[in-house]
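Notes follow the structure.
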Amino acid sequence: MIPIARPQMGEEEKELVWSAMSSGALAQGPRVRELEERFADFIGVPHAIATSSGTTALHLALLASEVGPGDEVITVPFTFFASASSILFTGARPVFVDVDEESFNIDVSQIEAAITPRTRAILPVSLYGRPADLPAIAEIAERRGLALIEDAAQSHGAAIGDRRSGSWGTGCFSFYPTKNMTTGEGGMLTTSDPALADRARLMREHGMRVRYHHEVVGYNFRMDDIHASIGLAQLPKLPGNNARRRQIAARYDRDLRGVVTPGVEPGVTHVYHQYTIRVNRRDEFVERLKERGVGTGIYYPIPVHRQKPFVALGYGEQRFPVSERLCAEVVSIPVHPSLTDDEVETVIAAVNGVAEELGTIPTTARV
Ligand SMILES: Cc1ncc(COP(=O)(O)O)c(C=O)c1O
């Protein structure tokens, strides 16, 4: 079976992890600082703050943006749960805006109508490795005096022009094992705002700058040096791995038939955390791909506003037609950099074969 993800660990990771373990500095230390500096450089911002996960990076970004009870934060329902649960952690209320059918990202034309006097931040998601329309969102955020917090959990190295995802407002990355780079568990907050970076560091560390002197009630959202060591070995491989993902995606764009493939505007660098197509009769499609040895993933089967905790909060009756349709039609196929050319051929033959058998041309979208 060709799996939907295949995290790669090499000798560099082993050596760095072992040297961190042997050094005795196991908690947040020099390796974390080094990873922060290198990651900030890579994204093109002056500050990066490592965290224990992408979820804690989002939570920390919201806290550092002074989002709290009574506030509203605009985000999308077509995303991983943490984009919205992190807003609830602060006591604020997520306000959902539907996504755009072409990009799978927030529909910028609907943002202004969702802004109220309580809105504090816009939290777009750069889903599957394709950046949201960050220049347009940054313009709205600036004009309306709102924070911009990008959920960049899936978009390490993605860019619009020569500016990287994570460099507009505050970026929040995940280093979960299936991501374009990993630390095991881990995350990173990126920003150009020194005051925000300072608040984030404070809140990450129990609200203390000086040991055992607590200025505010903070959290333990730290990464440790063992996980940072994995990241230090992974980061130099990221550009090459992203290039391989893009090369495989270009083959799929060219050769897949009978399914809706993801389009990208000129000037946008999509890093294909996922290569996500749209089909109808999805369950049969997935089953038949499995019979042909191709693993798939559904990201995501249920929009956030229809998840149990959100239904309990009264969101269940809200309607986001594009998100709901996408949840029924999307399926991701393997695009990870360790795929061999033969495996890429197998995926293409399998998708085209199954699409032809099932006649899976979606009625709701272009082909
Ligand atoms: C879009 C999105 N947001 C947030 C997260 C949360 O990241 P983590 O799993 O590292 O907490 C993820 C990763 O799973 C994600 O894909």
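Atoms within a ligand are numbered from 1 in the order they appear, just like the ligands themselves.
Each side-chain hydrogen bond (donor to acceptor under 3.5 Å, both in side chains) pair with one or both residues in residues 239-256, not counting sequence neighbours, appears once here: N180-N242, R244-Q247, R244-D341, R251-D255, R251-E345, D253-Y275.
For D133, there are no salt bridge (charged side-chain N to carboxylate O under 4.0 Å, His left out) partners at least two apart in sequence or on another chain. Looking at residues two or more places apart in sequence or on another chain, you find a side-chain hydrogen bond (donor to acceptor under 3.5 Å, both in side chains) between H227 and D224.
Classified by interplanar angle (parallel below 30°, tilted 30° to 60°, perpendicular above 60°), the ring pair Y315/F96 is perpendicular. Aromatic ring orientation, H270 versus Y272: parallel (interplanar angle below 30°, classes split at 30° and 60°). Aromatic ring pairs are classed by plane angle as parallel below 30°, tilted from 30° to 60° and perpendicular above 60°; the pair H305 and F320 is perpendicular.
Sorted by chain and number, the heavy-atom contacts of ligand 1 below 4.0 Å come from S53, G54, T55, L58, T79, F80, A82, S83, V125, D151, A153, Q154, S174, K179, G186, Y300.
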